[in-house]
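Take a look at the structure set out below.
We count ligands from 1, going down the list as the structure has it; atoms in each ligand are counted the same way.
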Amino acid sequence: MFKPVELEIELFCRGMRIDPSCHAGEIGRRITRTRAGLGSGLEIVIPSRPKNIWANVPVVEKFAADSPFLLQQGDDRYGVVDTRTGLLYEVTIPAEPAWYSRMTSSDTPMSRIGVLQGNYLGIYVSARCLYWSSKLNLACKFCTTGKNVGTAEESRKRVEDVIEVARAARDESGAIFTHFNTGYHYEDQNDRESMHGLRMCEPYVRAVRKYVGGFIGVQAVPVPRRNFNEYDALIDAGTDHFSFCYEFEDPETFARLCPGKAQTVGQSAFFEAMEYTAKKLGRGRVSGEIIAGIEPIEATKRGIDRIVNAGAFPTVCIFRPTIGSEMENVPSPDPDAMREVFAYLHESCRRAGLPVGVLPIEVSLVVQPEETAGLVEPSFATKAYHLKNWTLRQLARPYIAWKKIPAA
Ligand code: SF4
């Protein structure tokens, strides 16, 4: 029998088939191909203690058709059967929020503005990433943003529409975190006035802070050091969290699979920005994001340590060969290797004393650091670490209540 976190990793790596008993297409949240395409799975919740685990399980990618895991429905309950062992794991399928089917006041479907990924609202704020526009084919090889923006979601999002959707997500879905991301938009490195990702996010951050409240995160390709004051401006506008997707630790893998990032900003820019913002916001309030399952796991482990040493927490995404990406035929990762990576991640965070799982934000696209506790042998050190995080969670409650209040 798998532990909940082991089942989560198995499902990310092997995907899941959906039995006809589930009336596929009618259950749960719609499968959305927004942002970089990672949310292309079915959102499920795996019962776990001290908190449930949200997972966006691959169901449409080719490898999922061969998965040993089968989602079944009996009465009103759902279970995932491991057909290799016959073991049944009970899960729940969160209902699609009613607001997904409503329009904003400008007549735009709300689901084309933002979607829930776990219990937070994810919004890709801008037009297509410039790496997709380049004749040089600079897009990251695992990404499908260039195919989604303008088709599955609005390419230009009005600030008013974003406020309406963030309010609906807050009031009807209990979302307390709005996450904005963009691709690369720095049109002219020598022109300080040219529009780039960070500056595009600022009006949205300011508006959500003022009219909606909650925590706000921003993810964008790093700006040059001379523009680091723009991180300060975004913090002033209300940003609580920055994330930096440098994707691969191995420089050759980074250059080959993220040619745009390698040629325009370079790997080290991600760390400079991570260190700068971690100093401004505090340890654990910035994250470095990498993809596991493509480069050797020793490189991924080095990446985890490097992110932790920069004062950030590691967000490790299990590689998903999304349909339409250049890597759609690359095999999905081995679950045993991924278990090793996430056990290492837990130990790395614990050794650094990084606070994890303090806020009640559930991210369905990744294995969250606090979920990895079940992968390591309990010891005095792990228990002390859990106690510290539990204490921080209790102490954070008044702060969370205060952050929910709009600044207007
Ligand atoms: S930076 Fe890479 S991953 Fe992000 S949107 Fe552009 S091509 Fe996709």
Can you list the atoms of ligand 1 that are under 4.0 Å from a heavy atom of [X]?
{"X": "Cys143", "value": "3 (S), 5 (S), 7 (S), 8 (Fe)"}
{"X": "Cys129", "value": "1 (S), 5 (S), 6 (Fe), 7 (S)"}
{"X": "Trp132", "value": "7 (S), 8 (Fe)"}
{"X": "Lys261", "value": "1 (S)"}
{"X": "Tyr131", "value": "1 (S), 6 (Fe)"}

(request) Indicate yes or no: does Arg84 engage Glu10 in a salt bridge with an N to O separation below 4.0 Å. (result)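 The answer is yes: the pair qualifies as a salt bridge.
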(message) Taking the basic N atoms (NZ, or NE/NH1/NH2) and the acidic carboxylate oxygens, is any pair closer than 4.0 Å for Glu371 and Lys51?
(response) yes
(message) Looking at atom 6 (Fe) of ligand 1, is there an N, O or S atom belonging to Cys140 that lies under 2.8 Å away from it?
(response)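 No, outside the cut-off.
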(message) Can you confirm whether Pro47 sits close enough to Asn52 that some side-chain heavy atom of one is under 4.5 Å from a side-chain heavy atom of the other?
(response)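 In contact.
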(request) Before giving the answer on salt bridge (charged side-chain N to carboxylate O under 4.0 Å, His left out), spell out for Glu295 and Arg302 the whole-Å C-alpha distance, their side-chain angles and the decisive distance to 0.1 Å. (result) CA-CA 11 Å; Glu295 58 187 347; Arg302 280 200 309 278; over 6 Å; no
(message) Quick one: does any side-chain atom of Asn56 pair with a main-chain N or O of Ser364 as donor and acceptor, under 3.5 Å?
(response)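 No: the side chain of Asn56 does not pair with the backbone of Ser364.
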